[in-house]
Amino acid sequence: MEQNILVTRSSLPDLDEYMEEIRDLWDTHWLTNMGVKHQKFQKILEEYLGVPHVALYTNGHLALENAINALNLPKGGEVITSPFTFASTTHAIVRNGLVPVFCDINDRDYTIDVSRIESLITDRTVAIVPVHVYGNMCDVEEISRISKKYGLKVIYDAAHAFAVKYKGKSLAVFGDATMYSFHATKVFNTIEGGAVCFHNDSWVQLLNDMKNFGIHGPEEVDYIGGNAKMNEFQAAMGLCNLRHLDEEITKRKKVVERYRERLEGVEGIKLTKIQEGVESNYAYFPVVFDSYKYTRNEVFEKLAEVGIGARKYFYPLTNSFECYRNYPTAGTEKTPIAQHTALRVLTLPLYADMSLEDVDKICDIILK
Ligand SMILES: *Cc1c(COP(=O)(O)O)cnc(C)c1O
């Protein structure tokens, strides 16, 4: 059996560096509940992302749920979003008592098709939850224009887009709030973890309470909150991994450039357009097999046979999930480009320490 190439491989600091970072926890015995590491990591992220406030979470999903909750939108309100995403985005909307209205994506970078948003707006529309997909940026300027015109809130799912910059700024500066995920499989990880970035000063206390059972003071609980705090070991991992992030992204870029060299221009193979003004984080390498000599599923199988893991990502679309079957807004026929893409896309193995020999091996199999 040949050696496996997994679709991704989590970044880790040197063990010694992490040990050094967590050493003082053995002195303080302060393991969670907004301890020293949590506070330090939060400050560093606020500077790194260029936003006034960051709230740290135990994972990205709860960060997104809390951010939507903090908007205090009327129950049953409609939220325009795209189905070409991870289950988390749609679930976060629905678990807040809101109705997802699915907008199609564009076929250049697979983010929400902004030219279709306005036709979906009704008098029940309250917000837009767009997703920065694969490290590609949504059309933030057009989304901002639409949201202002109709008075809608905007929360970005930026789980794929940590460290992505537009015109030199992080994406966290756009919208009412931006959620990042620091899950082990993302470009930057805190094992599990997430953050909400925002501008509204009154949210500092609100989000802090929300993620800690609604406890406002020692004898004061004024909110029905859950528990979603980032612990000290997660924050310590974040402090370590952030020191090496630039280097990791440079390595990822080299892998992506090799893939592009080998696959660009091949008939039936479609690669994502490089976005102008955007500094990518090279989070994923999606390939769309459209009338190629092999179907997406055939390529997936060929790679699997030799122990190479690619991922049908995103497939299936969230608007085809069984749990949304009875939702009148569900159904993939309403989002034909998303469905077309979901049936043909594969994300190829990509991580910082991936060798160019492995990239070549994968491309050889695809092109053979
Ligand atoms: C990973 C991911 C999430 C959820 O983040 P977790 O940290 O795993 O909870 C949400 N949306 C998208 C698009 C993701 O890829």
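Predicted model, so just to flag it, every value in this text is computed and none were measured. Only this structure's heavy atoms are used, side chains among them; waters, hydrogens and symmetry mates stay out. Both ligands and their constituent atoms are indexed starting at 1 by order of listing.
Geometrically, K37 does not engage F233 in a cation-pi contact defined by less than 6.0 Å to the ring centre and at most 45° from the axis. Taking the ring centre of F285 as origin, the terminal cationic atom of R260 falls outside the region bounded by 6.0 Å and 45° from the ring axis.
For atom 11 (N) of ligand 1, the nearest non-hydrogen atom of the protein is D157 OD2, 2.7 Å. Looking from atom 12 (C) of ligand 1 to the surrounding protein, the closest heavy atom is A159 CB, 3.3 Å. Ranking the protein heavy atoms by distance from atom 4 (C) of ligand 1 puts S88 OG, 3.7 Å first. S181 OG, 3.2 Å is the protein heavy atom nearest to atom 5 (O) of ligand 1.
Between atom 9 (O) of ligand 1 and the options H183, H61, H91, the minimum heavy-atom separation is to H61.
With Y48 as reference, F162 is the one residue of F162, F188, F41 to meet the ring pair (Phe, Tyr, Trp, His ring centres under 6.0 Å) rule.
In this structure, G193 counts as a contact residue of ligand 1, since one of its heavy atoms falls inside 4.0 Å of the ligand.
For E192, no heavy-atom contact with ligand 1 is shorter than 4.0 Å. Counting heavy atoms under 4.0 Å from ligand 1, residue Y313 touches it through the side chain alone.
For ligand 1, the atoms lying closer than 4.0 Å to a non-hydrogen atom of T85 are 13 (C). Atoms of ligand 1 lying under 4.0 Å from at least one heavy atom of G60, given by number and element, are 5 (O), 6 (P), 7 (O), 9 (O).
Under the 4.0 Å criterion applied to side-chain N and carboxylate O atoms, E322 and R325 are assigned as salt-bridge partners.
Residues Y282 and Y134 fall into different hydrophobic clusters, defined by Ile, Leu, Val, Met, Phe, Trp and Tyr side chains chained together at heavy-atom separations under 4.5 Å.
Considering backbone and side-chain atoms alike, M179 places every N or O at 3.5 Å or more from each N or O of ligand 1. In terms of polar-atom proximity, K186 is counted as a contact of ligand 1, with an N or O under 3.5 Å from an N or O of the ligand.
Ring-centre distance between H160 and F314: below the 6.0 Å cut-off.
Under the 3.5 Å distance criterion, with hydrogens and angles disregarded, no donor-acceptor pair is assigned to the side chains of S10 and N189. In the model, E78 has a side-chain atom that pairs as donor or acceptor with a side-chain atom of T122 under 3.5 Å.
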